[in-house]
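Structure first, commentary second.
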Amino acid sequence: MADLAELKRYFEDAQSLTSDARRESQIDGDYYDGYQWTPEERRALRSRRQPDLVFNHVRTAINGTLGVIKQGNTDPKAYGRNPEDEEAADVASKVLRFIADKANFDSVKGDCSKDFLVTGTMAALVGVVGEEILVEQIRWEEFFYDPRSRRQDFKDARYMGIAKWMYSDDVAQLYPDAKGALDNAISGSAPLSPDWTFMDRPDDAGGIAWVDSKKSRVMVVEIYHRDEQWMRCVFWSGGILEQAVSPYLDDKSRPICPIEGQSCYVDRENNRAGIVRDMRGPQDEINKRRSKALHLMSVRQIQEVVPGSGLASADVARAEAARPDGVIPSGWQLVPTGDMVSGQLALLAEAKSEIERFGPSPSVLGRQSSDSSGRAQLVRQQAGLTELAPVLGGIEEWELRVYRQMWNRARQFWTGPMWIRITDDQGANKFVGVNQPDPLGYGPANNISTMDVDIIVDTIPDTANVQQEQFALMVELARMGGLGPNPGMLLLEASSLPNKQKIIEKMTTAPDEAQQQQQMLQNQRNEAIFAAELENKQADTSQKRSTAIKNVADAQAKIMQAQPVMPPATGEFIG
């Protein structure tokens, strides 16, 4: 267990040994924000009545890179280490996507990526509140680390932590036992080890490093350090508030530091920087050469034709030359400055070309050849990202480590049954149960604590243009009959229409009303035709029967007419 003096020494070493690098990172942030002239330079420009113009190419280049990162699709995916782990790997992939959605990881990644590119270092803490897994950005000015760490991923760091100003009453509410010491510190404690790079923004605390008596605040430090195993401590200048073994475990159930950090560049003095550090020179040249060219084009220089031949004094000649409608006195002439203006503009164009190399090329941003095919644009985008590959690779490595921390948190803290909501390709919600009880008594189903998987991050480039091209080809193929007599459903599934899933469900599950009415009318028509045919048959049969009866009666009448007439009987005997 570390004592307070040792813990304070960790933090003060990080303060003092990284102070110069942090000041340079502050300047890098100023360049991104547009503060690119020093106070002395601004005063010099204003004394010449020149505007201190800023043409911020740094922000444009950084925002373009952040746009590429945001549009690039990344997806955590788990792979089983054994053939029988395939189903578990699928569940693990869905668990990671669910955690990332709940933690709003895309937004956190964007904020951290800006710190990575501008000030040089990004960090996040993967923690747990109850059963909710959180990924919280650590702002670069609140993040401190072992100054002797040389690796970009801080894996050789002995300690890392967060230093943050907190109001004393908030600290006392979290740690009631420290209230008396906090009140004493606020009322009479002297400041220690001033370092303005750890101050709040705006910087109005007067250089106080541990106690801000004016605002009743103290610097509270949460540190994770290695002492045979990873420990977690929370302290301030007056005492230790918490100290215990780190509550978070790795995949081998060992205590681990939950902070994941990454730096863009690390020099031989362990100073850390982002890509803005290399852009400051070209950006200064752009501003100053633009200002110089503007000055040369707006101010006329004069000289005497022959020394001593000027009829007016130099001040009068200079004043006339400065006026838009001024008349140059006799004996004075203008000095041509067109060659100097051309030289300044040529160097300005070169500086612009140099600084544009630090951002995504126009082909990556889709600003060229918009009428070409999607496949061609994708090839150009991949080629344009080549120079950014080392930078983007650092962000991808950090993202992978964060996902692995998420998985370790889920395995450790998700012990009860829960349901994971996922969204399929069509946007429909589905649910997957984890740690569900098994009715047969063989243990919980989808028990994530026993899943043995490897986690990777699939990086998928933006393929919207390619998808549009493929959909257009499918439409042409459908027109030629290549997709069958009824290609509507295939085209609908391949399209990017909004609410596509609802349309598909309506077409596949509910019959069309017009079709129902048409079928009803057809049934009524068939019934009417059948009734008419039956009636015709019955009438024809009745007519034939009547004709047959009449024919029989006529035949009987003819037979009766053909027989002889017998005499009536008289009763006499004739012999």
Testing the 3.5 Å rule here: is there a donor-acceptor pair between the side chains of [X] and [Y]?
| X | Y | answer |
| --- | --- | --- |
| Gln405 | Arg401 | no |
| Asn287 | Gln283 | yes |
| Tyr32 | Asn63 | yes |

Can you tell me how far [atom2] of [Y] sits from [atom1] of [X], rounded to the nearest 0.5 angstrom?
| X | Y | atom1 | atom2 | result |
| --- | --- | --- | --- | --- |
| Asp170 | Arg217 | CG | CZ | 11.0 Å |
| Lys114 | Thr65 | NZ | OG1 | 13.5 Å |
| Phe154 | Ile259 | CZ | CD1 | 10.5 Å |
| Ile420 | Ile448 | CD1 | CD1 | 7.5 Å |
| Arg59 | Gln36 | CZ | CD | 9.0 Å |
| Arg9 | Gln15 | CZ | CD | 14.0 Å |

If you define the side chain from C-beta out and look only at heavy atoms, does anything of [X] sit under 4.5 Å from [Y]?
| X | Y | value |
| --- | --- | --- |
| Ser237 | Met219 | no |
| Trp414 | Ile99 | yes |
| Pro258 | Glu136 | no |
| Met406 | Val126 | yes |
| Asn56 | Tyr31 | no |
| Trp140 | Arg22 | yes |
| Val135 | Val402 | yes |
| Lys102 | Ile133 | no |

Within the side chain of [X], is there an N or O that forms a donor-acceptor pair under 3.5 Å with the backbone of [Y]?
| X | Y | result |
| --- | --- | --- |
| Arg409 | Leu249 | yes |
| Trp236 | Trp210 | no |
| Asn408 | Arg404 | yes |
| Trp407 | Ser93 | no |
| Ser353 | Ala349 | no |
| Thr38 | Glu41 | yes |
| Glu222 | Val234 | no |
| Thr121 | Ser263 | no |
| Gln344 | Arg290 | no |

**Request:** Provide the full list of side chain to side chain donor-acceptor pair (under 3.5 Å) pairs with a residue in residues 240-249, sequence neighbours left out, each pair given once.
**Result:**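 Counting only pairs at least two positions apart or across chains, the side chain to side chain donor-acceptor pair (under 3.5 Å) contacts touching residues 240-249 are Tyr175-Glu242, Arg232-Glu242.
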**Message:** Does anything in residues 103-113 form a salt bridge (charged side-chain N to carboxylate O under 4.0 Å, His left out)? List the pairs, not counting sequence neighbours.
**Reply:** Lys109-Glu399
Please determine whether the number of non-hydrogen atoms from other residues, nucleotides or ligands lying under 6.0 Å from atom [atom1] of [X] exceeds 12.
| X | atom1 | result |
| --- | --- | --- |
| Arg49 | CZ | no |
| Arg280 | CZ | yes |
| Arg42 | CZ | yes |

**Asked** When the aromatic ring centroids of Phe144 and Tyr10 are compared, is their separation below 6.0 Å?
**Response** no
Answer yes or no: is there an ion pair linking [X] with [Y], defined by an N-O contact shorter than 4.0 Å?
| X | Y | value |
| --- | --- | --- |
| Asp75 | Arg97 | yes |
| Arg158 | Asp146 | no |
| Glu40 | Arg43 | yes |
| Lys155 | Asp153 | no |
| Glu350 | Arg289 | no |

How far apart are the closest heavy atoms of [X] and [Y], and which atoms are they?
| X | Y | result |
| --- | --- | --- |
| Ala178 | Leu241 | CB-CD2, 3.7 Å |
| Arg272 | Ser149 | NH2-O, 3.0 Å |
| Thr18 | Pro147 | CG2-CB, 3.8 Å |
| Ala172 | Leu182 | N-CD1, 3.8 Å |

**Item:** Quiz item: cation-pi between Lys94 and Phe98, 6.0 Å / 45°
**Value:** no
**Message:** Taking the cut-offs as 6.0 angstrom to the six-membered ring centre and 45 degrees off its axis, would you call Lys215 and Trp165 a cation-pi pair?
**Reply:** no
**Request:** Using the side-chain contact (heavy atoms from CB on, under 4.5 Å) rule, pick out the option among Ile455, Ile456, Val453 that qualifies with Lys77.
**Result:**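 When side-chain contact (heavy atoms from CB on, under 4.5 Å) is applied between Lys77 and each of Ile455, Ile456, Val453, only Ile456 qualifies.
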**Request:** From the options Leu66, Leu392, Val108, select the one residue that forms a side-chain contact (heavy atoms from CB on, under 4.5 Å) with Ser113.
**Result:** Leu66
**Message:** Apply side chain to side chain contact (heavy atoms under 4.5 Å, CB included) to residues Ile62 and Val118 and explain how you reach the verdict.
**Reply:** CA-CA 8 Å; Ile62 295 299; Val118 177; 4.0 Å; yes
**Asked** What's the verdict on side chain to side chain contact (heavy atoms under 4.5 Å, CB included) for Tyr167 and Gln173, showing C-alpha distance, side-chain angles and the deciding distance?
**Response** CA-CA 10 Å; Tyr167 288 98; Gln173 185 176 4; over 6 Å; no
**Request:** Go through the steps to decide whether Glu141 and Thr119 satisfy the test side chain to side chain contact (heavy atoms under 4.5 Å, CB included), and finish with yes or no.
**Result:** CA-CA 9 Å; Glu141 62 264 28; Thr119 57; over 6 Å; no
**Request:** Decide yes or no on salt bridge (charged side-chain N to carboxylate O under 4.0 Å, His left out) for Arg139 and Asp115, but give the supporting numbers first.
**Result:** CA-CA 8 Å; Arg139 294 184 58 86; Asp115 286 346; 6.0 Å; no
**Message:** Using the rule given for side chain to side chain contact (heavy atoms under 4.5 Å, CB included), can you reason through Leu174 versus Met166, listing the C-alpha separation, both sets of side-chain angles and the distance that settles it, and then say yes or no?
**Reply:** CA-CA 11 Å; Leu174 294 172; Met166 295 183 64; 4.0 Å; yes
